[in-house]
There are 2 protein chains.
Amino acid sequence: MYKLSDLPLFSMLNEEQLAIMQSQLHIHQYDKDSIVFYEGEKNQYLYILLEGVVRLYKTTPKGTQIHMHNFEAPEAIALFVAFENVEFPATCEFLSDGYIGLLPLKLFHECLNNTDFSVSLLKALAQRMKLLATLLHKETIFSSEAKIADVLYTNPSIFERLKNNEIAYMLNMTPETLSRLLSKFKKENILKIDGHIVTILDEDALKYIIETNKMRCS
Amino acid sequence: MYKLSDLPLFSMLNEEQLAIMQSQLHIHQYDKDSIVFYEGEKNQYLYILLEGVVRLYKTTPKGTQIHMHNFEAPEAIALFVAFENVEFPATCEFLSDGYIGLLPLKLFHECLNNTDFSVSLLKALAQRMKLLATLLHKETIFSSEAKIADVLYTNPSIFERLKNNEIAYMLNMTPETLSRLLSKFKKENILKIDGHIVTILDEDALKYIIETNKMRCS
DNA sequence: CCTCTTAATTGATATGAATCAAGAATTACT
DNA sequence: AGTAATTCTTGATTCATATCAATTAAGAGG
């Protein structure tokens, strides 16, 4: 299990401060599939993932989920909620067994006096913002074809590690849609799939799809 | 025209620092409809809106626009891009005549040594993050009906100030869709429209739509 | 007040992706 | 290996919303 000092965010604090923080940290154990917090709840703590992997998602009125992000320990979760007194914009669920450290917000806010701390916090927040902006782009600009082309281009190894089922839900589309579009990509000789190994045959075609949301010829 | 000191963000700096910053600020004049920066460009400056109103939007491959936010002076624009060396995630266009101050990023980064400055910057970033999270929610969770119910509930006066046309584009739907759904709302006695004044008759129905994406009966 | 322009409405059709429903192909389990 | 359980594929249908096209309504300028 990680400690506070393992997070780049807290590494700027001196040992004394760190000791205080660590002593005030409430550590909770979670089983796989358990929920850390629900979308819409209000928070009293900064949530720090000390061990395991969590998934953040939104739930639609129909009950389907919009996958946002996975986080691996060590990582602070829901950072911006710690500043604005707002509801969690997503639900946080463990994908493995793990531990969360709950840091009282009061204590967290006291750390802001430390310039190095607030600067590294700024950096961390900006990174989260980038994540959010990327997600917004994918969900509002990309077609399903473009989403698939994007993972194929940026992270093709995911097809070796996960089931198509799981990939579909990470891309916020149904497995049927993923299956159909992968077949289409195969037919257009953009890629080939042997067993679980995806080989990209035409990288330019992928770039074209990412830019235009459509396949070249048809 | 506003000055740096009018932004809460910069108000924490002492007069000396502020004078240096203000002197290094390149001020540009823009006409209505002119573009401050395009989505995909890289930046060298922090953009500070000193006068006027701007609009941030993304452009889809088809050429349609996804409206993100309007900002009124005085306000810092594209804050998080100033930290991460990334491309602008949106295009910035003036809706009025106005002025932008360009602050060299180097100078901006030097201010981070000032704790009060970095704390108020944190606050500002967190607010932007909230804006982004809200936008993501609207675009991924809300149906068109729910988007309309949401403006009716949170900002009904907008119907007196703007044309339906403009409202539709702020909600990222076509004017036809807005028109059709407003008629549907009228037929269900959720609201009435006299001239340009919208009166909400059934607030609970609006809440229901926001929560479920659907109208109650049918 | 009347034309001209702009905005709003209405209908028909198209589109992308979800949903529903089988079947086929893998993988896992004794 | 043989059966059961999962996962993947394929087809038919539905759904929400955009698009295209035409008409009506409203507002502005002379």
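Labels below follow one simple rule: chain letters A, B, ... track the order of the sequence lines, proteins then strands, and each chain is numbered from 1. These numbers were taken from a predicted model, which means no experiment stands behind them. Values reported hereafter were calculated over all heavy atoms of this structure, with side chains retained and with hydrogens, waters and symmetry mates removed.
- Ring geometry for B:Tyr47 versus B:Tyr45: interplanar angle over 60°, hence perpendicular rather than tilted (30 to 60°).
- A:Thr174 comes within contact range of at least one nucleobase, with a heavy-atom separation under 4.0 Å.
- Counting any heavy atom pair closer than 4.0 Å across all strands shown, A:Lys147 reaches no nucleic acid atom.
- Rounded to whole Å, atom P of C:dA8 lies 12 Å from atom NZ of B:Lys186.
- For A:Phe83 against B:Ala126, the heavy-atom pair with the smallest separation is CB-CB, 3.6 Å.
- Taking only side-chain atoms of B:Asn164, from C-beta outward, the nucleotide of C:dA8, C:dA17, C:dT10 with the closest atom is C:dA8.
- Between B:Glu176 atom CD and C:dA14 atom C1' the separation is 14 Å, expressed in whole Å.
- Take the nearest nucleotide of DNA chain C for A:His196 and for A:Phe142: the residue whose nucleotide is more 5' is A:Phe142.
- Among the atoms of the strands shown, only primed sugar atoms or phosphate atoms (P, OP1, OP2) are found under 4.0 Å from some heavy atom of B:Lys62.
- With hydrogens and angles ignored, a donor-acceptor pair under 3.5 angstrom links the side chain of A:Arg180 to the base of D:dG11.
- The CD1 atom of A:Ile209 sits 14 Å away from the P atom of C:dG16 (whole-angstrom rounding).
- Tested against B:Ile190 for a side-chain contact (heavy atoms from CB on, under 4.5 Å), the candidates B:Leu152, B:Ile209, B:Leu201 yield a single pass: B:Ile209.
- Here A:Ser144 reaches the OP1 or OP2 of C:dA17: one of its side-chain N or O atoms lies under 4.0 Å away.
- Contact annotation: B:Thr177 side-chain N/O to D:dA16 OP1/OP2 distance is not under 4.0 Å.
- The shortest distance between the side-chain N/O atoms of B:Asn165 and the OP1/OP2 oxygens of C:dT6 is not below 4.0 Å.
- Nucleotide D:dT17 holds its P atom 7 Å from the CD atom of B:Glu145, rounded to whole Å.
- Using modelled atom types, one finds a donor on one side chain and an acceptor on the other under 3.5 Å when comparing B:Tyr57 with B:Glu93.
- B:Lys214 has a side-chain polar atom (N or O) that falls below the 4.0 Å cut-off from OP1 or OP2 of D:dA16.
- Distance A:Asn213 CG to C:dG16 P: 10 Å, rounded to the nearest Å.
- In this structure, A:Phe37 and A:Phe88 have parallel ring planes: the angle between them is below the 30° cut-off, well short of the 60° mark.
- One interatomic measurement links the two molecules: CD1 of B:Ile197 to C1' of D:dA26, which rounds to 16 Å at whole-angstrom precision.
- One atom, CZ of A:Phe185, and another, C1' of D:dT9, lie 17 Å apart when rounded to the nearest Å.
- Nucleotide D:dA25 holds its P atom 17 Å from the CG atom of B:Asp194, rounded to whole Å.
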